[in-house]
Protein chains: 2
Amino acid sequence: MGKLPKISDAEWEVMKVLWERAPQSANEIVEALAARQWSPATVRTLITRLVQKGALSFEKAGREYLYLPVVTREEGIRQERRSFLRRVYDGAVEPMLAGLLDEEDLSAEELEALHRLLDEKRKGQR
Amino acid sequence: MGKLPKISDAEWEVMKVLWERAPQSANEIVEALAARQWSPATVRTLITRLVQKGALSFEKAGREYLYLPVVTREEGIRQERRSFLRRVYDGAVEPMLAGLLDEEDLSAEELEALHRLLDEKRKGQR
DNA sequence: CCTCATGGTTTACGTCTGTAAAACCCAAGA
DNA sequence: TCTTGGGTTTTACAGACGTAAACCATGAGG
């Protein structure tokens with residue numbers, strides 16, 4: 001499979017909607033994005049571009065299209081993370097985690113959850 | 001102080017050079033970015049834009065300028081992380097960490113280091 | 001003092017993005 | 001069958017970005 005298409009900020013919103021539930025019609029997507037206060041036309045543009053980029057596909061259903069993701073959520077996220085890591089830390093993971101723990105205010109619960117996750121991971125690897 | 005300027009991908013390369021060492025002349029920056037194979041003109045454009053955005057400033061030194069960062073590395077990184085988190089996880093930190101632990105292959109050492117960091121943090125918070 | 005190189009400033013240009021309206025097409029109701 | 005409303009496709013347009021050449025001003029060397 002070729003390289004993933006680059007998905008812009010606004011386009012991500014559309015992808016998120018379809019990762020949540022798919023397939024959906026353009027109208028449903030517009031609906032789901034009501035919070036953004038975008039003109040329906042705008043949302044349609046985003047959808048079209050995503051189709052062109054190959055991030056979405058669609059199936060005809062009567063007179064309207066139902067759109068569905070081609071790029072999976074995991075792929076999308078991975079790509080974003082990679083791009084972030086490359087840009088900021090030249091790809092290194094650990095300093096990123098360090099900086100994050102240091103800078104973001106994590107609640108005790110989050111720290112706990114993370115601790116468990118980490119233990120899990122360490123156990124698995126050993 | 002107002003909001004940080006949005007620094008583009010290519011511009012980040014320039015910032016990194018100056019975070020490493022500052023102030024530096026345009027030529028030195030071009031030099032430092034030799035690996036990118038950019039035309040000197042291109043680098044100058046990036047510098048100019050960064051100055052316009054307020055991410056860099058400069059001091060005159062004879063006929064040339066010495067550029068230096070206004071935005072600190074920490075600010076820059078934080079902004080990137082925030083933008084990444086918002087885009088992908090709607091701002092939630094923990095799922096990001098989870099996904100990261102899951103997807104990226106961390107070495108035993110990295111996991112250890114992370115564990116220590118986390119303990120530190122948990123202690124501090126309690 | 002004058003010329004020229006060198007560094008800064010302006011201009012260029014195609015693509016991508018955010019934002020949206022205009023045009024078009026066709027199925028369903030009159 | 002004709003009209004029309006609702007979708008889809010096209011067109012628009014300003015600003016950011018990557019990439020870079022053209023132009024201009026001035027300090028340094030002759």
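Residue numbers begin at 1 in each chain, while the letters A, B, ... track the order of the sequences.
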Engineer: Count the heavy atoms of every other residue, nucleotide or ligand shown that sit under 6.0 Å from CD of A/Gln37, and state whether that count exceeds 12.
Structural biologist: no
Engineer: Just how far is it from atom OH of A/Tyr65 to atom NZ of A/Lys60, taken to the nearest 0.5 Å?
Structural biologist: 4.0 Å
Engineer: Find the distance B/Ile47:CD1 to D/dG18:P and express it as a whole number of Å.
Structural biologist: 14 Å
Engineer: I need a per-nucleotide contact map over nucleotides 14-23 of chain C, read 5' to 3'. Cutoff is protein heavy atoms under 4.0 Å; write B for the base, S for backbone only, - otherwise.
Structural biologist: ---BBBBB--
Engineer: Before you tell me yes or no, could you show the steps for A/Glu11 and A/Arg49 under salt bridge (Lys or Arg N to Asp or Glu O under 4.0 Å), namely the whole-Å CA-CA distance, both residues' side-chain angles and the distance that decides it to 0.1 Å?
Structural biologist: CA-CA 8 Å; A/Glu11 287 161 4; A/Arg49 286 179 185 166; 5.1 Å; no
Engineer: Mind calculating the distance between NZ (B/Lys60) and C1' (C/dG7) to the nearest angstrom?
Structural biologist: 12 Å
Engineer: List in numerical order all residues of residues 16-24 of chain B for which some heavy atom is under 4.0 Å away from an atom belonging to DNA chain D.
Structural biologist: none
Engineer: Once you round it to whole Å, what is the distance between P of D/dC17 and CD of B/Glu13?
Structural biologist: 15 Å
Engineer: What string of B, S and - do you get for nucleotides 3-8 of chain D, 5' to 3', when a contact is any protein heavy atom under 4.0 Å?
Structural biologist: ----SB
Engineer: Could you check whether any side-chain N or O of A/Thr42 sits under 3.5 Å from a backbone N or O of A/Trp38, counting only pairs where one atom can act as donor and the other as acceptor?
Structural biologist: no
Engineer: For the side chain to side chain contact (heavy atoms under 4.5 Å, CB included) test, which of B/Leu117, B/Leu106, B/Leu101 pairs with A/Leu118?
Structural biologist: B/Leu101
Engineer: When you measure from the side chain of B/Glu110 to the backbone of B/Ser107, do you find a donor-acceptor pair of N or O atoms at a distance under 3.5 Å?
Structural biologist: yes
Engineer: Is there a chain of hydrophobic side chains (I, L, V, M, F, W, Y, each step under 4.5 Å between heavy atoms) that links B/Leu68 to B/Leu50?
Structural biologist: no
Engineer: Identify the stems formed by DNA chain D, where each pair is Watson-Crick or G-U wobble with both distances under 3.5 angstrom and a stem is at least 3 consecutive pairs.
Structural biologist: C:1-30 with D:1-30
Engineer: Evaluate side chain to side chain contact (heavy atoms under 4.5 Å, CB included) for B/Met15 paired with B/Ile7, printing each intermediate quantity in order.
Structural biologist: CA-CA 9 Å; B/Met15 292 306 287; B/Ile7 296 168; 4.2 Å; yes
Engineer: Does a salt bridge link A/Glu104 with B/Arg81, judged by any charged N lying under 4.0 Å from a carboxylate O?
Structural biologist: yes
Engineer: Please list, chain by chain and in numerical order, all residues satisfying salt bridge (Lys or Arg N to Asp or Glu O under 4.0 Å) with B/Asp90, sequence neighbours excluded.
Structural biologist: A/Lys16
Engineer: Is it the case that the side chain of B/Lys53 and the backbone of B/Lys6 share a donor-acceptor pair, with hydrogens and angles ignored and the cut-off at 3.5 Å?
Structural biologist: yes
Engineer: Check ring-ring contact (aromatic ring centres under 6.0 Å, His included) between A/Trp19 and all other residues, then give those that pass, not counting sequence neighbours.
Structural biologist: A/Trp12
Engineer: Quick one: does any side-chain atom of B/Glu28 pair with a main-chain N or O of B/Ser25 as donor and acceptor, under 3.5 Å?
Structural biologist: yes
